[in-house]
Amino acid sequence: MGVDVALGDRKYAIDIEAGALDRAGELLRPYVRRNHFVIVTDESVAQAQLGRLAASLDAAGIGHDVITLPAGESTKSWKNLEIVTDRLLELEIERSDNIVALGGGVIGDLTGFAASILKRGCGFVQVPTTLLAQVDSSVGGKTAINSRAGKNLIGSFHQPAYVLIDPTTLDTLPLREVRAGYAEVVKYGLIDSPEFFDWCEAHGPALLAGDSAAREYAIQRSVAAKAAIVADDERETSGRRALLNLGHTFGHALEAETGFSDRLLHGEAVAAGMALAFGFSAAQGLCPADDAVRVRAHLEAAGLPATLAAAGVNASGATLVAHMMHDKKMAGGRLPFLLARGIGHTFLAKDVDLAAVAAFLDGAD
Ligand code: NAD
Ligand code: GLY
């Protein structure tokens, strides 16, 4: 299965295929320069999946060096950016080279950012190994590291040259991480596809249990949705790409309150954030209450947090709204929110009353 991201002279292909990692030597061949790749990965992925990639490159006679970083969100730091760029320069990377990002969103975001600034921009390919990265972060060219002031505040738009998705890499991913990625799958249904949300209700349990057909369909469907949005609004200027932030403003406040730590994974925060966005939309009379109930019930059935309590957050509405004010989407002192008129009918609201949001959160469970 394949999807193209139609971005003119920066267009690229996404291949989705069980076992693709074992064919990486062949699939990555068009992107190799000087018959050598540098692979950036993290310690957990190196243990679980690097051997497959290395064996396939070896079999194809393609040389490779590996830069291995610690696993976890704190890896997206200035310090690791310096480590990676220094090492890439030592390895004499050239602008026409494609650095390989093998890992989840952390490795993809950091490697993409390093590629975007190294020698004023070199290439990279994404080989995502988490469900979240396979359905969202590996596509679309948002790259970033975190800073003291917040998450993803230092970054760039830099599209990969190619994305190779092997759903079987999820076999070694802990279930909690699979669930967190599943929140981003559900997101595509909630944004503009009620029938895909129906599919999630019917097939989500099989996907979470490791069913390969369900997994591949969800990845293909999600990537196709994201590719279409990115092709239409690459830099989030028209508002269409902003729809991908459904659940992220509420979720960002929850992540900030839990210290951007593994107390609450990004996808878990997005799950609770989407339930809260639907709850708030219903409370404002914008969305049928039944839809908000359905969204919450599905996320809970998937083992995801859908309430403040389940997200481990016990803060006032005012505190949570204060976190939201640090969101990078603030524009002219106002914070745009993704709200819903129903399942599959998300819209960007630019005039939300923050006092109403705080009051809603004070009353939410
Ligand atoms: P992650 O990269 O930290 O991966 C989660 C954990 O799973 C890590 O410990 C990793 O080592 C491990 N892991 C990864 N693949 C594995 C495998 N196949 N087997 C065993 N272990 C494996 O987290 P993530 O959820 O993939 O990504 C989260 C990051 O993505 C956040 O920093 C978020 O800001 C970013 N993000 C970016 C975009 C974008 O558009 N660029 C979109 C969404 C999220
Ligand atoms: N994950 C949001 C985006 O790529 O725009």
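Since this is a predicted model, take the numbers as computed values, not measurements. Remember, it's 1-based here, ligands and their atoms both numbered in the order they're listed.
The protein heavy atom nearest to atom 4 (O) of ligand 2 is Lys226 NZ, 2.6 Å. For atom 44 (C) of ligand 1, the nearest non-hydrogen atom of the protein is Leu132 CD2, 3.6 Å. Nearest to atom 4 (O) of ligand 1 among the protein's heavy atoms is Thr130 CG2, 3.5 Å. Considering only non-hydrogen protein atoms, atom 22 (C) of ligand 1 sits nearest to Leu173 CD1, 3.5 Å. Taking atom 9 (O) of ligand 1 as the reference point, the nearest protein heavy-atom neighbour is Ala71 CB, 3.7 Å. Of all protein heavy atoms, the one lying nearest to atom 15 (N) of ligand 1 is Thr129 OG1, 2.8 Å. For atom 43 (C) of ligand 1, the nearest non-hydrogen atom of the protein is Asp136 OD2, 3.6 Å.
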Check step by step if side chain to side chain contact (heavy atoms under 4.5 Å, CB included) holds for Ile14 and Asp4. CA-CA 6 Å; Ile14 304 164; Asp4 287 334; over 6 Å; no

Glu90 vs Arg87, test: salt bridge (charged side-chain N to carboxylate O under 4.0 Å, His left out). Steps then yes/no. CA-CA 5 Å; Glu90 268 170 27; Arg87 183 73 185 124; 2.8 Å; yes

Stepwise side chain to side chain contact (heavy atoms under 4.5 Å, CB included) test for Val125 and Leu164: CA-CA 8 Å; Val125 301; Leu164 184 159; over 6 Å; no

Go through it in stages, so that I can follow the logic: the residues are Phe250 and Leu308, the test is side chain to side chain contact (heavy atoms under 4.5 Å, CB included), and I'd like the CA-CA distance, side-chain angles, deciding distance and then a yes or no. CA-CA 10 Å; Phe250 285 101; Leu308 294 175; over 6 Å; no

Take Asn152 and Asn146 through the test side chain to side chain contact (heavy atoms under 4.5 Å, CB included) and record every step on the way to the result. CA-CA 5 Å; Asn152 293 331; Asn146 304 327; 3.6 Å; yes

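Shown in contact with Lys142 at under 4.0 Å from a heavy atom are these atoms of ligand 2, numbered in order with element: 2 (C), 3 (C), 4 (O), 5 (O). For ligand 1, the atoms closer than 4.0 angstrom to any heavy atom of Ala48 are 19 (N), 20 (C). Proximity to Leu244 (heavy-atom distance under 4.0 Å) selects the following atoms of ligand 2: 2 (C), 3 (C), 5 (O). Atoms of ligand 1 lying under 4.0 Å from any heavy atom of Lys226, numbered from 1 in the order shown and given with element: 40 (O). Heavy-atom contacts of Lys76 reach the following atoms of ligand 1: 31 (C), 32 (O), 33 (C), 34 (O), 35 (C) (cutoff under 4.0 Å). Near Asn152, meaning under 4.0 Å from any of its heavy atoms, are these atoms of ligand 1: 34 (O). Below 4.0 Å from some heavy atom of Ser44 lie the following atoms of ligand 1, by number and element: 11 (O).
Residue Ser137 touches ligand 1 through backbone and side chain together, judged by heavy-atom distances below 4.0 Å. In Glu177, the part holding a heavy atom less than 4.0 Å from any atom of ligand 1 is the side chain. Contacts with ligand 2 closer than 4.0 Å are made by side-chain heavy atoms of Asp136 only, the backbone lying farther away. With a heavy-atom cut-off of 4.0 Å, Thr172 touches ligand 1 through backbone and side chain alike. When heavy-atom distances to ligand 1 are checked against a 4.0 Å cut-off, Thr75 has no atom that comes that close, whether in backbone or side chain. Contacts between Asp109 and ligand 1 below 4.0 angstrom, taking non-hydrogen atoms only, involve the side chain exclusively. Only side-chain heavy atoms of Asp42 come within less than 4.0 Å of ligand 1; its backbone N, CA, C and O stay farther off.
By heavy-atom distance, the residue among Gln47, Gln126, His248, Lys142 lying nearest atom 41 (N) of ligand 1 is Lys142. For atom 31 (C) of ligand 1, the nearest non-hydrogen atom from the set Gln134, Glu73, His266 comes from Glu73.
Under a 4.0 Å heavy-atom criterion, His248 is not in contact with ligand 2.
If you check the side chains of Asn80 and Ser77, you find a donor sitting under 3.5 Å from an acceptor. Side-chain contact, Glu257 with Thr319: no donor N or O sits under 3.5 Å from an acceptor N or O. Side chains of Gln49 and Asp166: no donor on one and acceptor on the other come within 3.5 Å.
With ring centers used as reference points, Phe196 lies 6.0 Å or more from Tyr188.
At a 3.5 angstrom cut-off on N or O pairs, Glu184 does not count as close to ligand 1. Close N/O approach between Gly105 and ligand 1 is found [any backbone or side-chain N/O within under 3.5 Å]. Of the polar atoms of Val106, at least one N or O is found under 3.5 Å from an N or O of ligand 1, judged by distance alone. For ligand 1, the polar-atom distance check finds an N/O of Lys151 within less than 3.5 Å of one of the ligand's N/O atoms. The N/O atoms of Arg241, backbone and side chain alike, include one that comes under 3.5 Å of an N/O atom in ligand 2. Below 3.5 Å of separation, one finds no N or O of Thr143 facing any N or O of ligand 1.
A salt bridge between Arg23 and Asp15 is absent, with no side-chain N of the basic residue lying under 4.0 Å from a carboxylate O of the acidic one. The pair Glu94-Arg33 fails the salt-bridge criterion, with no side-chain N (NZ, NE, NH1 or NH2) lying under 4.0 Å from an Asp/Glu carboxylate O. The existence of a salt bridge linking Arg34 and Asp97 is confirmed by a sub-4.0 Å separation between a basic side-chain nitrogen and an acidic carboxylate oxygen. Ion pairing of Asp262 with Arg176 is absent here, as no side-chain N (NZ or NE/NH1/NH2) approaches a carboxylate O to less than 4.0 Å. Classification of Glu26 and Arg29 as a salt-bridged pair fails, no side-chain N sitting under 4.0 Å from a carboxylate O.
Heavy-atom contacts from other residues, nucleotides or ligands closer than 6.0 Å to CG of Asn314 number 12 or fewer.
Stacking of Arg341 on the aromatic ring of Phe347 is recorded, both the 6.0 Å distance cut-off and the 45° axial limit being met.
With Phe197 as the fixed residue, the ring-ring contact (aromatic ring centres under 6.0 Å, His included) test singles out one of His298, His203, His345: His298.
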